[in-house]
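A quick write-up on the structure given underneath.
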Amino acid sequence: MAPCMSCALRPQSLTRLHVYARALSTSKCLADRSKLQKSHSVVVKIGSALITREDERGLALGRLGAFVEQIAVAHREHRNLILVTSGAIAFGKQLLSAQERISRSFESTVNEKDTSHEPDPRACSAAGQGGLIGLYDLMFQQYGIRTAQILVTKRDFQEEPLQNLCATLRELHRLRIIPIINENDCMAPPAQEEADLAGVVSVTDNDSLAANIATHMNSDLLVLLTDVDGIYSAPPNEGGVLLENFHPGTAPIVFGEGSLVGRGGMESKVKAASFAYGGGCEVVIANGFVPGVVSKIINGETIGTHFTKGETEQVPLNELVGTVKEGSRILESLSPEKRTDILKTLAKLLLERKDKILEANQKDMEAAVKSKISSALQGRLSLSEKKLQSLHDGIIQMAEDAQDKLGSAIQKTIVSDGLVLEQITVPLGVLLVIFESRPDVLPQVAALSIASGNGVLLKGGKEAAESNKVLFELVQEALSRHGAQSAAALLTTRQQINRLLALKQDIDLVIPRGGNELVSAIQNKSKGIPVLGHADGICHVYVDSEASLEKAIEVVIDSKCDYPTACNAMETLLIHKDLLATDLYEKLMKTLRKKEVTIHTGPRLDKELPLGGLLATSMKVEYGNLECTVEIVDDVEDAIKHINNFGSSHTDVILTENRDRAERFLAGVDSACVFHNCSSRFADGYRFGLGAEVGISTSRIHARGPVGIEGLFTTKWQLRGDGHSVTQFNNGEYQYQHKKV
């Protein structure tokens, strides 16, 4: 037995005390729960309270069967499972209590009032162990899985016995047999006074046992299931909050009462988990009463407390959101001049700290290359002095334009004499903005939030972690000039997003900026919070039969090649059928190939003019790089029909010198942005003069197209009177005028 665990195996009185878990520098555990899915070897410890009936006499067979099913699923996924279980004493107590009643005379049974004669727990263990393992064996056989029983004592964790134990476990795994381990309670010393519930359950500590097994077997994951949700910062009835991430050594914990059934309590579990964590094993402490808890943990879902290498989450998410909401109110209350000062400070810092920003970005780029991230993603991830200058210019423009936007009157009405109604702009509240690998999004979105008086929760992609960290520090520095730094927060894990998407009372708008997969996932997971964005950026350029050759080449090449990974880049080129084999068509194709654009031929074009190249697999593809689909259409009406069928309502372009056709296209295409004789790349908040954008929306509700400051406002009605009442209007004392001012 490892020395630091010996005390954990001894029964302890669980009085309340403050402790700090020991910092374990040797841990190699992961901060991202999604990586738990890759766990190959898993130890699952099931606490006594989970499988013991409420009367503490026998097992809760339904819950036991549910655990068996989940472990069987994990076993079928080719994981090596070890089950550490309690329950022998409870099972044995049921048997021995029945035997004792049979042994008594009828008269003594009727007159017996002394209930203190409980069977000795060691005898209960001896009687119940065989039945318990037999029950497990029978249940696992329903899934075609064999099990093996291993009983251990503290002596088995000495060097030589421990080697033999590990060898046995490895051999069982080789044979695809699940070992079921329990402490040999029939050989344990009697329970200490008040250390257990009348000695009903195990007098030793299965948490410590499971941690030792996980550590010495080099397991990937240890799951400690108990009857509470996880580790709390203090007793829940005293305001403690659940710590969904915990790093030993970084946060104090208050330990309260132990479980009614089971030895260790939460203090024992934390010590055991810290020991396993220090050995490089992932650890999750969770509530075993949650349906499917084992499967959820292995699948990386946020449940219970995860021991991580990151900092302990000191502030729970609902409190963090509340803090941001309060910060947004501070921001809204500032004078326009102070908000402008914050924006100009942020813009200035982007240039003053460019070396620090680019150094951090270089670290992200090096990690991206090492991780073999696609060239398209690397393009989004990269920052440059030119990009920083563009960010600076956009924020300065925003600062100058935004002063009179917040709190401005949209309309003013004189309802009657002395009764004036105004509709004014106010912030939406708290925004949750999720973006992938583009760190330049962070200062853009932060600036828009500042200008509009909104609080903002920012979650960037992990591949841009270093860049985002530095950029967010600049945002905080700018906000702190006027005490509004709490109006913005930077999120660090993907798991936080899933929890935030359920806080519909606290978050007012979700804005995902990224690819189809990200946007669709956020739209599906949001629990009642509006989502602003677009799932696809399938932008078309239609070259009409009356298009200018020079304009066509200029616009098509710019739309595709200026920034191929952008959502407003051209993905499909539609060409009027009469242009086939013309000089315009030939030069356009030649120029695209010269720019190294891979062309995917549409079915009609391939039939009319076989090129022998790649065929388009679909007319609805967002390539996100130097690729595009080329197809022919009959006329402008056919182009409109094609775009409305296969487009994503983002941005579409017509190239023609025929004004009537252009107007028909502008009116007929159902997209957020529709252009004539100009590049699709103009669909951008900065180029529209909005200063920046939080994203491009293809929705019909609230905002559409590039969403700048105005899209982040809602309205408030303010009515100013002088003792007016509805009764006064009913009796004719006042008359409604409703004069617009």
Side-chain angles (χ1 to χ4, degrees), residues 323-324 327-328 330-365 380-403 405-406 427 431 433 435 437-461 463-492 511 513 684-686 689-695 708-709 712:
T323 300
V324 171
S328 71
I330 295 172
L331 193 59
E332 181 184 5
S333 68
L334 295 177
S335 66
E337 292 75 21
K338 288 182 178 180
R339 283 194 299 273
T340 298
D341 179 61
I342 293 173
L343 290 171
K344 289 184 175 179
T345 299
L346 176 57
K348 181 178 68 173
L349 289 172
L350 287 171
L351 299 185
E352 288 182 354
R353 309 281 174 82
K354 65 181 180 181
D355 290 342
K356 185 177 181 181
I357 297 170
L358 296 177
E359 180 182 352
N361 185 246
Q362 184 59 32
K363 293 179 182 178
D364 289 330
M365 291 298 296
R380 294 190 182 111
L381 177 60
S382 176
L383 290 176
S384 64
E385 290 192 23
K386 182 180 178 181
K387 280 189 179 181
L388 293 177
Q389 183 65 54
S390 178
L391 285 170
H392 168 276
D393 296 345
I395 294 173
I396 291 296
Q397 177 185 336
M398 189 190 311
E400 294 171 349
D401 295 344
Q403 289 199 34
K405 298 289 179 64
L406 178 58
L431 314 176
V433 183
F435 50 100
S437 51
R438 286 183 55 190
D440 54 322
V441 169
L442 192 151
Q444 284 182 352
V445 170
L448 283 165
S449 300
I450 294 166
S452 58
N454 285 289
V456 63
L457 297 157
L458 298 157
K459 174 61 179 76
E463 60 277 356
E466 295 295 331
S467 304
N468 289 337
K469 181 180 178 181
V470 172
L471 290 167
F472 184 71
E473 288 173 357
L474 304 186
V475 172
Q476 290 281 282
E477 185 175 338
L479 285 166
S480 66
R481 285 177 60 85
H482 298 289
Q485 59 270 27
S486 60
L490 181 65
L491 307 172
T492 56
I511 306 173
R513 290 192 58 169
D684 175 80
Y686 174 69
L690 305 178
E693 66 185 32
V694 292
I709 298 171
L712 301 180

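Bear in mind the structure is a predicted one, so any value in this text is a computation, not a measurement. The first residue of the sequence shown is numbered 1, and numbering continues consecutively from there. In what follows, every heavy atom counts, from backbone to side chain, and hydrogens, waters and symmetry copies are set aside.
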Heavy-atom check, side chain of [X] versus side chain of [Y], under 4.5 Å:
X: D364; Y: N468; result: no
X: L381; Y: P439; result: yes
X: R513; Y: E693; result: yes
X: P336; Y: L406; result: no
X: V445; Y: I511; result: no
X: L350; Y: L471; result: yes
X: S382; Y: M365; result: yes

Where is the tightest heavy-atom contact between [X] and [Y], given as atom of each residue plus distance?
X: A451; Y: M398; result: CB-SD, 3.9 Å
X: L331; Y: A487; result: CD2-CB, 4.2 Å
X: L431; Y: S449; result: CD1-OG, 3.8 Å
X: S437; Y: A464; result: O-CB, 4.3 Å
X: K387; Y: R380; result: NZ-O, 4.1 Å
X: L479; Y: A488; result: CD1-CB, 3.9 Å

Measure the spacing between [atom1] of [X] and [atom2] of [Y] and express it to the nearest 0.5 Å.
X: T340; Y: I396; atom1: OG1; atom2: CD1; result: 10.0 Å
X: E477; Y: L349; atom1: CD; atom2: CG; result: 5.0 Å
X: H392; Y: E352; atom1: NE2; atom2: CD; result: 9.0 Å
X: T492; Y: K469; atom1: OG1; atom2: NZ; result: 11.0 Å
X: Q485; Y: T323; atom1: CD; atom2: OG1; result: 11.5 Å
X: K348; Y: I395; atom1: NZ; atom2: CD1; result: 13.5 Å

Verdict with supporting geometry, V470 and R353, side-chain contact (heavy atoms from CB on, under 4.5 Å): CA-CA 9 Å; V470 172; R353 309 281 174 82; 5.9 Å; no
For E400, all residues meeting side chain to side chain donor-acceptor pair (under 3.5 Å), sequence neighbours excluded: none
Evaluation steps, side-chain contact (heavy atoms from CB on, under 4.5 Å), between I709 and L448: CA-CA 6 Å; I709 298 171; L448 283 165; 3.6 Å; yes
Residue pair Q444, Y686: steps toward the side-chain contact (heavy atoms from CB on, under 4.5 Å) verdict: CA-CA 10 Å; Q444 284 182 352; Y686 174 69; over 6 Å; no
Check the pair V324, V456 against side-chain contact (heavy atoms from CB on, under 4.5 Å), reporting the backbone distance first and the verdict last. CA-CA 7 Å; V324 171; V456 63; 5.9 Å; no
Return yes if some donor-acceptor pair links the side-chain N/O of R339 with the main-chain N/O of E332 below 3.5 Å, else return no. yes
Atom CD of residue position Q389 - does it have more than 12 heavy atoms of other residues, nucleotides or ligands inside 6.0 Å? yes
Sorted by chain and number, sequence neighbours left out, side-chain contact (heavy atoms from CB on, under 4.5 Å) with K338 holds for L334, S335, H482
